[in-house]
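This report refers to the structure that appears directly beneath it.
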Amino acid sequence: MKIATIIVRVLLGAMMLFASISYFFKLGPEQPAPTGDLATLMAGFMASKYIFPVAKAIELLAGLMLVSGKFVRLGTIILLPISINIFLIHVVVTGTDIPMAAAILFANVFLIYANWDGFKEIVKP
């Protein structure tokens, strides 16, 4: 279980680092323009001017926490709302790339489960 936890932690952290660094430094190929409901959603995100930079900064911090192994519990908790939204956007709005979005959410929930002893105080009645 310990080896699986390390592998999942590093992979999830690396994915978050790659996504955030690609966003901030405009790396990779130009993405095609979204269409339909996704275009409407993205137009709203872009109009706010702060949602994407904040989300990507949180992804960067959480990715650094997960890859480094420092503050892993904090990294998994701050990444949970983002991974839930990634999953829901892919399921509800686009209907594509659902397996990848599900893998991100599953990895995050798995890390929370693997570190559950550290979260017991938070959810104690």
If you look only at distance, which donor and acceptor atoms sit under 3.5 Å apart when one is on a side chain in residues 97-106 and the other is two or more places apart or in another chain?
none

*For Phe18, which residues count as a side chain to side chain contact (heavy atoms under 4.5 Å, CB included) partner, sequence neighbours excluded?*
Ser22
*Which residues share a side chain to side chain contact (heavy atoms under 4.5 Å, CB included) with Thr94, sequence neighbours left out*: Leu38, His90, Thr96
*Should side-chain heavy atoms under 4.5 Å link Ile, Leu, Val, Met, Phe, Trp and Tyr, which residues sit in the same cluster as Ile6?*
Val10
*Contacts of type side chain to side chain contact (heavy atoms under 4.5 Å, CB included), residue Lys49, not counting sequence neighbours*: none
*Establish whether Ile89 and Met46 are linked, either directly or via other cluster members, by ILVMFWY side-chain heavy-atom contacts under 4.5 Å.*
yes
_Single-linkage hydrophobic cluster Leu11~Phe71, side-chain heavy atoms < 4.5 angstrom_ = no
*Using a cut-off of 6.0 Å, state whether more than 12 heavy atoms not belonging to Phe24 lie near its atom CZ.*
yes
*More than 12 non-hydrogen atoms from neighbouring residues, nucleotides or ligands closer than 6.0 Å to CG on Leu27, yes or no?*
yes
Which pairs would a plain distance check flag for residues 115-125, meaning a side-chain donor or acceptor within less than 3.5 Å of a matching protein atom at least two apart in sequence or in another chain?
from, atom 1, to, atom 2, distance (Å)
Asn115, ND2, Leu111, O, 2.9
Asp117, OD1, Lys120, NZ, 3.2
Glu121, OE1, Lys124, NZ, 3.4

*For Phe52, ring-ring contact (aromatic ring centres under 6.0 Å, His included) partners two or more places apart*: Phe45
Would you tabulate the side-chain donor-acceptor contacts of residues 56-70 under 3.5 Å, counting partners in other chains and residues two or more places apart, or write 'none'?
from, atom 1, to, atom 2, distance (Å)
Lys56, NZ, Glu59, OE1, 3.3
Ser68, OG, Leu64, O, 2.8
Ser68, OG, Met65, O, 3.3
Ser68, OG, Lys70, N, 3.2

*Do Lys26's NZ or CZ and the ring of Tyr23 fall within the cation-pi criteria of under 6.0 Å and 45°?*
yes
I'd like a table of donor-acceptor pairs (distance under 3.5 Å, sequence neighbours excluded) in which one partner is a side-chain atom from residues 73-86, with atom names and distances.
from, atom 1, to, atom 2, distance (Å)
Thr76, OG1, Val72, O, 3.3
Thr76, OG1, Arg73, O, 2.8
Ser83, OG, Leu79, O, 3.4
Ser83, OG, Leu80, O, 3.0
Ser83, OG, Asn108, ND2, 3.0
Asn85, ND2, Pro81, O, 2.9

*What is the minimum heavy-atom distance between Pro34 and Ala39, and which atoms define it?*
O-CB, 3.4 Å
*Determine whether Ile7 and Met15 fall in the same hydrophobic cluster, where Ile, Leu, Val, Met, Phe, Trp and Tyr are linked whenever their side-chain heavy atoms lie under 4.5 Å apart.*
no
*Sequence neighbours excluded - side chain to side chain donor-acceptor pair (under 3.5 Å) pairs with any residue from residues 4-18*: none
